[in-house]
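Data block below; observations after.
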Number of protein chains: 2
Amino acid sequence: MARSALPAAPPAEDDSGASLVSFVVDSIVDGVMRGRYVPGQRLIAADLAEDYGVSRAPVREALHMLAGEGVVELVANRGARIRRLSVAELVDFLEFTEAICVLGVRLATSRMGQEEPRAEVIRHYDAVEEAWARRHARDFVVALYQYHIALNRIGGNRFLEFFYERPYIRFYTLLLADLVPGFNWDKYIDNYRLIHATILSGDSHTAVVHFASHIRWVLSNMRRSEAPA
Amino acid sequence: MARSALPAAPPAEDDSGASLVSFVVDSIVDGVMRGRYVPGQRLIAADLAEDYGVSRAPVREALHMLAGEGVVELVANRGARIRRLSVAELVDFLEFTEAICVLGVRLATSRMGQEEPRAEVIRHYDAVEEAWARRHARDFVVALYQYHIALNRIGGNRFLEFFYERPYIRFYTLLLADLVPGFNWDKYIDNYRLIHATILSGDSHTAVVHFASHIRWVLSNMRRSEAPA
DNA sequence: TTCGATGATTTTGTATGCAGGATTTGTGGC
DNA sequence: GCCACAAATCCTGCATACAAAATCATCGAA
């Protein structure tokens, strides 16, 4: 599958109102998402400051914010690097998100009787299929992420929505995409077709069962691939 | 129930190795936990800097880290305040943590055959009963929090452990304690006695059912108390 | 009195300087 | 050639300076 890697956005001209810190945070997150910054990569404040045309102060504040988010790890007197996760940690993360997404799936499914939520879910799912048709791994994972975002928003639990949109969730989700090279993606999308259909049917219980079953299948594949690596 | 409110720790003398940023972060989190800083309270960088005997730079970095954690909210050109959550948001949060803790309960219960995990769970539960006996709301909630921390650690999912120890989880959990004044705490502890016994029995499924049932009871009480407020 | 304008004060946001701990580079011994 | 060690460099962490924005206080008019 293909992979995009564009340069980050320009240093911004006159977006007064937004602070430099948030600009730098967004830029770094964007860089991570685009693969410009990879896990374990060291982030040198002075370099970032020059790259983004700001001083080191807002860069340091941005790095601390991202450290709070869990995207960056800070070591005393050794600065910042993009957080690196082992396969084992990603397995744990996936097991964790299963619990989260199950809640989202359950809440959203119970609202499929209403017109607008239903249309929104369908719209987001179409984007998943579209990315799948293009065989673009990153876009596919991002579209699936957006699909779950939509489910969570529709579900109506604000904390769930807040949590799932945090950068480190996006980041870890993306890392999952780069994992398990020989993965059976055909079965993956088939699972989601079933899940999506069940969600639309409004049957919360079955939707959760299908979703949990899918995650368990992914987990078993990841655990298998863990041993050789 | 009683409530503690001690001043924060002294500005530290020679704890070289730990950065001032982490000192300030810990101090603020500690202040939140002790009730020195309350939700909505404005945090003025210069004041904090003076209080803790440091300059504004590490304070600002600490505030950004806490903003990333979700303990503090930053508004452009208006600085930082302790994040304030509505009852509705706390309801959502509790519904969310149910999903998380269910995972922890399930994983930990399946390890109750082993000696050390079992002893640790019992030890942490004893602390819960001890705080209950003292009728100290905050200590009680903190002990319950520590109990769940132990369950999560024993469960073996590192991400779950990592997540549940984040300051904002501690913070929101504490906010729950201040909620619902006329709460039926007797039923609350009774529920936990049952949950704890079931966890020790090693029956994952029943433990999860009891725990979920407890949370649903809490949620229904919170939702009821929501209307008048 | 109440409202709004205006200036003083506070506070934030950013840049910069510098000491000290890492890291790298260079050098000599084995 | 390879490792130990020392010097040079780099980088971080913290303090400080200053401009711009927000807040507050004062005052005058409706």
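Order of the sequence lines sets the chain letters (A, B, ...), proteins ahead of strands, with each chain counted from 1. Values below: all heavy atoms of this structure, side chains included; hydrogens, waters and symmetry mates excluded. These numbers were taken from a predicted model, which means no experiment stands behind them.
- Across Glu89(B) and Arg83(B), no two heavy atoms sit closer than the pair OE2-NH2, 4.4 Å.
- Using a 4.0 Å cut-off, some side-chain N or O of Ser55(B) falls inside it from OP1 or OP2 of dA15(D).
- Atom CZ of Arg60(B) is separated from atom P of dT14(C) by 7 Å (rounded to the nearest Å).
- Under 4.0 angstrom from either OP1 or OP2 of dG21(C) there lies no side-chain N or O belonging to Arg78(A).
- Atom CG in Leu63(A) sits roughly 16 Å away from atom C1' in dT14(C) (whole-Å rounding).
- If you find the closest nucleotide of DNA chain D to Pro58(B) and to Arg42(B), the one lying nearer the 5' end belongs to Pro58(B).
- The CG-P distance, from Leu74(A) to dC11(D), rounds to 17 Å in whole Å.
- Rounded to an integer number of Å, the gap from CD of Glu61(A) to P of dA15(C) is 10 Å.
- Here the P atom of nucleotide dC10(D) and the CD atom of Glu50(A) are 13 Å apart, to the nearest Å.
- Among His148(B), Glu120(B), Glu161(B), the one residue that satisfies the side-chain hydrogen bond (donor to acceptor under 3.5 Å, both in side chains) test with Arg153(B) is Glu120(B).
- Straight-line distance from the OH atom of Tyr52(B) to the C1' atom of dA15(D): 19 Å, rounded to whole Å.
- Put simply, CG on Leu48(A) is 16 Å from C1' on dT14(C), counting in whole angstrom units.
- Among dA15(D), dG13(C), dA22(C), the nucleotide with an atom closest to any side-chain atom of Asn77(A) is dA22(C).
- Under 4.0 Å is where a charged nitrogen must lie from a carboxylate oxygen, and between Glu61(A) and Arg60(B) at least one such pair does.
- Heavy-atom minimum distance, Glu69(B) versus Pro167(B): OE1-CD, 3.2 Å.
- In this structure, Leu20(B) atom CG and dA19(C) atom C1' are separated by 13 Å, rounded to whole Å.
- Residue-level contact check: Val75(A) touches the backbone only, with heavy atoms under 4.0 Å from sugar-phosphate atoms and none from bases.
- Side-chain N/O atoms of Arg56(A) and base N/O atoms of dG13(D) include a donor-acceptor pair closer than 3.5 Å.
- Checked for salt-bridge contact, Arg42(A) and Asp47(A) miss the test: no charged N lies under 4.0 Å from a carboxylate O.
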